[in-house]
Amino acid sequence: MVIILYLKDINDENKDIIVKFLNNIESISNIDYDILNNGIAIINVENQICGYITYEKFSEYGLIRYFIYHKNIEFEYIKEMYSELLKKAIDDGIESFISIGNNEDVVSVFKQLNFHDIEFSNFVVNDRLLYGTEFENTIIMKNDFI
């Protein structure tokens with residue numbers, strides 16, 4: 001069986017398919033519509049989303065926000081999706097991505113994408129210090145690409 005997948009840059013014309021995809025994920029209670037166009041999706045021939053990644057811009061940093069994909073997707077497609085996101089981020093003036101990992105599977109994927117752990121005792125997102133919050137036991141990772 002041949003599975004045909006392709007990458008799609010998300011923009012105003014096609015973000016409705018991302019909204020529909022995200023609405024079907026139980027762990028997402030609120031969709032941040034402002035960042036959807038920063039994303040790249042993996043789509044199959046039936047025009048269904050098989051993976052999606054996006055970032056939120058903070059000066060020269062991009063915080064990975066939605067990174068969702070079907071477990072049966074080969075890692076090569078995940079790498080291609082991430083590579084396209086890098087190109088988009090560079091065009092947007094981003095120099096590094098930051099990711100917050102909360103389990104070994106997530107951390108492993110980011111490490112395969114060249115992220116490394118960083119100290120986060122003074123790490124702030126949206127004027128909020130992560131130390132001492134529900135994110136205290138997560139792993140903060142960074143990928144410098146410029």
Side-chain angles (χ1 to χ4, degrees), residues 1-118 120 123-130 133-135 137-146:
M1 181 167 124
V2 176
I3 299 174
I4 300 173
L5 301 172
Y6 62 96
L7 298 176
K8 185 175 241 180
D9 187 13
I10 302 305
N11 56 45
D12 284 336
E13 295 172 10
N14 59 25
K15 76 177 174 183
D16 56 321
I17 61 173
I18 294 300
V19 171
K20 183 178 178 182
F21 173 71
L22 294 175
N23 277 327
N24 289 320
I25 298 174
E26 291 181 20
S27 61
I28 297 177
S29 56
N30 295 317
I31 296 173
D32 187 343
Y33 293 93
D34 293 335
I35 65 169
L36 297 183
N37 288 357
N38 293 344
I40 301 291
I42 299 173
I43 300 179
N44 65 20
V45 293
E46 288 89 31
N47 207 34
Q48 297 171 326
I49 304 295
C50 298
Y52 177 65
I53 186 170
T54 191
Y55 65 88
E56 182 173 2
K57 185 175 181 176
F58 294 91
S59 186
E60 71 273 10
Y61 299 102
L63 176 64
I64 300 294
R65 290 284 305 277
Y66 299 121
F67 189 14
I68 305 160
Y69 55 90
H70 293 183
K71 294 289 183 187
N72 62 345
I73 298 292
E74 291 183 30
F75 187 71
E76 288 305 311
Y77 287 110
I78 304 301
K79 281 175 43 178
E80 285 182 44
M81 181 174 66
Y82 181 71
S83 179
E84 288 301 311
L85 188 75
L86 282 177
K87 292 175 190 173
K88 194 171 201 170
I90 289 168
D91 289 345
D92 195 17
I94 304 279
E95 298 176 5
S96 301
F97 275 140
I98 303 291
S99 173
I100 301 173
N102 59 1
N103 67 52
E104 286 185 39
D105 292 337
V106 170
V107 170
S108 174
V109 169
F110 279 111
K111 292 209 180 211
Q112 290 177 65
L113 295 171
N114 297 318
F115 280 74
H116 62 276
D117 295 2
I118 61 172
F120 77 99
F123 194 78
V124 176
V125 174
N126 283 342
D127 298 326
R128 183 174 162 195
L129 187 64
L130 293 187
T133 70
E134 71 271 14
F135 296 106
N137 294 320
T138 61
I139 296 175
I140 308 296
M141 294 169 284
K142 184 178 179 188
N143 181 351
D144 298 310
F145 43 88
I146 297 230

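Please read these numbers as outputs of a predicted model, since none were measured by experiment.
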Spacing of Ile140 atom CD1 and Ile100 atom CD1 [to the nearest 0.5 Å]: 4.5 Å
Sub-4.5 Å side-chain heavy-atom contact between Asp9 and Ile40: yes
Student check: side-chain heavy atoms of Asp32 and Thr54 closer than 4.5 Å: no
Distance (rounded to the nearest 0.5 Å) between Leu22 CG and Lys15 NZ: 11.5 Å
Close side-chain approach of Ile68 to Phe21, heavy-atom, < 4.5 Å: yes
Backbone of Ile94 reached by a side-chain donor or acceptor of Asp92 within 3.5 Å: no
Euclidean distance, Ser99 OG relative to Met141 CE, rounded to 0.5 Å: 4.0 Å
Ile53 and Tyr69, any side-chain heavy atoms less than 4.5 Å apart: no
Spacing of CD1 belonging to Ile18 relative to CG belonging to Leu36, to within rounding of 0.5 Å: 7.5 Å
Heavy-atom check, side chain of Ile17 versus side chain of Ile43, under 4.5 Å: yes
Qualifying side-chain hydrogen bond (donor to acceptor under 3.5 Å, both in side chains) pairs with a residue from residues 19-31, counting only residues at least two apart or across chains: none
Over all atoms of both residues, closest heavy-atom pair of Val107 and Gly101: CG2-CA, 4.2 Å
Value rounded to 0.5 Å, distance of OH in Tyr52 from CZ in Arg65: 10.0 Å
Summary of ring pair (Phe, Tyr, Trp, His ring centres under 6.0 Å) pairs that have at least one residue in residues 95-114, sequence neighbours excluded: Tyr55-Phe97, Phe67-Phe110, Tyr82-Phe97, Phe97-Phe145, Phe110-Phe115
Backbone N/O of Leu113 and side chain of Asn143: donor-acceptor pair under 3.5 Å: yes
Closest approach of Gly39 to Leu85 (non-hydrogen atoms, all atoms of both residues): CA-CD1, 4.2 Å
Distance, nearest 0.5 Å, that separates CD1 of Ile35 from NZ of Lys57: 14.0 Å
Flag, side chain of Asp16 to backbone of Val19, donor-acceptor distance under 3.5 Å: no
From CA spacing to verdict: side-chain contact (heavy atoms from CB on, under 4.5 Å), Ser83, Lys79: CA-CA 6 Å; Ser83 179; Lys79 281 175 43 178; over 6 Å; no
Side-chain heavy atoms of Asn38 within contact of Glu56, under 4.5 Å: no
Over all atoms of both residues, closest heavy-atom pair of Tyr66 and Ile31: OH-CA, 3.4 Å
Stepwise side-chain contact (heavy atoms from CB on, under 4.5 Å) check, Leu5 with Met81: CA-CA 11 Å; Leu5 301 172; Met81 181 174 66; over 6 Å; no
Working for side-chain contact (heavy atoms from CB on, under 4.5 Å), residues Ile42 and Leu7: CA-CA 5 Å; Ile42 299 173; Leu7 298 176; 3.7 Å; yes
Exam field: side chain Asp91 to backbone Lys88, donor-acceptor pair closer than 3.5 Å: no
Non-hydrogen side-chain atoms of Lys87 and Glu84 separated by less than 4.5 Å: yes
Validation row: His116, Asp144 side chains within 4.5 angstrom (heavy atoms): yes
